[in-house]
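Working notes, beginning with the structure itself.
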Amino acid sequence: MASQQDLETVRRAYDAFNRRDTEALLDAFHPDTEWHPLLAELGGGTYRGHDGVRTMIEEVDDSWDDFRTEAERVVDAGDHIFVFAHTSARGKVSGVEADLDVVTVVEMRDGRALRVWSYGTLEEALAAAGLERLPAAAEGRAD
C-alpha cells in the first residue's frame with residue numbers, strides 16, 4: 001500500500017512539472033528512476049536518472065508550447081500508484097493541438113518515483129501493473 005506521503009509526492013511532482021520547477025521535480029524522482037512517458041511511443045524513449053528527467057523537460061519545452069499535465073485523480077493501487085491525468089499542449093512548429101487523457105503507473109522507492117509508465121487507457125495501465133482492476137477501495141474515489 002502506498003503511503004499518504006507517497007501520494008502527496010506524486011501530486012507535487014505534477015505541480016512541479018507544470019511550473020517547470022526542475023529541482024522540485026527531481027526531488028520527487030529517485031536517482032535511479034526510469035520514466036517512460038506516453039510521448040516516448042511517438043519517437044522519444046525511456047528517460048533514466050535525474051539527467052533523463054532533465055532531458056525529458058528540455059525535449060518537451062523544445063517541441064511544445066503550453067505543455068501541461070493535470071493530475072485529476074491519484075489512486076493507491078497497492079504496489080503502484082495510478083494517476084489519471086489530462087495533458088494538453090500545442091506543437092511549436094506545427095501548431096497542432098494535443099489534448100488527451102493519460103493513465104500513469106508509478107512505482108515508488110524510498111518515498112520517490114522509481115518507475116513511471118504512461119498509457120493511453122486504463123486497461124493498458126492495469127495490464128502493465130499486473131492487475132485486472134483497481135482495488136475496490138480506490139474505484140469511484142476522487143482524490
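Starting from 1, each residue takes its place in the sequence as its number. Computed over heavy atoms, backbone and side chain alike; hydrogens, waters and symmetry mates excluded.
Scored by the salt bridge (charged side-chain N to carboxylate O under 4.0 Å, His left out) test, R109 finds no partners at all (sequence neighbours excluded). Remark: D61 engages R20 in a salt bridge (charged side-chain N to carboxylate O under 4.0 Å, His left out) (not counting sequence neighbours). Contacts of E34 classified as salt bridge (charged side-chain N to carboxylate O under 4.0 Å, His left out), with partners at least two apart in sequence or in another chain: none. In terms of the salt bridge (charged side-chain N to carboxylate O under 4.0 Å, His left out) criterion, residue partners of E8 (sequence neighbours excluded) are, by chain and number, R11. D110 pairs by the side-chain hydrogen bond (donor to acceptor under 3.5 Å, both in side chains) definition with nothing, not counting sequence neighbours. For E58, the side-chain hydrogen bond (donor to acceptor under 3.5 Å, both in side chains) criterion is met by no residue, not counting sequence neighbours.
R54 and D51 get closest at one heavy-atom pair: NH1-OD1, 3.1 Å. Annotation for A13 and A28: closest pair CB-CB, 3.7 Å, computed over non-hydrogen atoms. Between A129 and V105, the shortest heavy-atom distance links the atoms CB-CG1, 4.2 Å. For the pair G45 and P37, the tightest heavy-atom approach, listed with the atom from each and the gap, is O-CD, 3.9 Å. Between A24 and R19, the shortest heavy-atom distance links the atoms CB-NH2, 4.0 Å.
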- prompt: Stepwise, does the salt bridge (Lys or Arg N to Asp or Glu O under 4.0 Å) test hold for D15 with R12?
  reply: CA-CA 5 Å; D15 290 341; R12 282 193 315 273; over 6 Å; no
- request: Could you go through the side chain to side chain contact (heavy atoms under 4.5 Å, CB included) check for Y47 and V53 one step at a time?
  value: CA-CA 6 Å; Y47 300 88; V53 172; 5.8 Å; no
- request: Just do the side chain to side chain contact (heavy atoms under 4.5 Å, CB included) check on T87 and W64 with the steps written out, would you?
  value: CA-CA 12 Å; T87 297; W64 300 92; over 6 Å; no
message: Between D32 and H30, is the side chain to side chain contact (heavy atoms under 4.5 Å, CB included) condition met? List the steps.
response: CA-CA 5 Å; D32 296 328; H30 193 279; 3.5 Å; yes
- request: Could you please spell out the steps behind the side chain to side chain contact (heavy atoms under 4.5 Å, CB included) verdict for T104 and V10?
  value: CA-CA 11 Å; T104 299; V10 169; over 6 Å; no
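In this structure a side-chain-to-backbone donor-acceptor pair under 3.5 Å is missing from R115 to H36. Checked by atom type and distance alone, the side chain of N18 pairs as donor or acceptor with a backbone atom of T69 at under 3.5 Å. Judged by distance alone, with hydrogens and angles left aside, the side-chain atoms of T33 form a donor-acceptor pair with the main-chain N or O of A113 at under 3.5 Å. A donor-acceptor pair under 3.5 Å is absent between the side-chain atoms of H80 and the main chain of L126, judged by distance alone.
Rounding to the nearest 0.5 Å gives a distance of 4.5 Å between CZ of F84 and CG of L122. Expressed to the nearest 0.5 Å, how far CH2 of W117 lies from CD of E107 amounts to 5.0 Å. Within the model, atoms CD of E123 and CG of L131 stand 12.5 Å from one another, a figure rounded to the nearest 0.5 Å. Rounded to the nearest 0.5 angstrom, K92 NZ and F67 CZ are separated by 12.5 Å. Rounded to the nearest 0.5 Å, atoms CD (E70) and CZ (F17) are 10.5 Å apart. One distance of note links CZ of R112 with CG of L26; it measures 8.0 Å at 0.5 Å rounding.
L114 and Y119 fall into different hydrophobic clusters, where Ile, Leu, Val, Met, Phe, Trp and Tyr side chains are chained together by heavy-atom contacts under 4.5 Å.
D101 CG: more than 12 foreign heavy atoms inside a 6.0 Å radius. Other residues, nucleotides and ligands contribute only 12 or fewer heavy atoms inside 6.0 Å of the CD atom of E132.
Among V106, V74, I81, D76, the one residue that satisfies the side chain to side chain contact (heavy atoms under 4.5 Å, CB included) test with D6 is I81.
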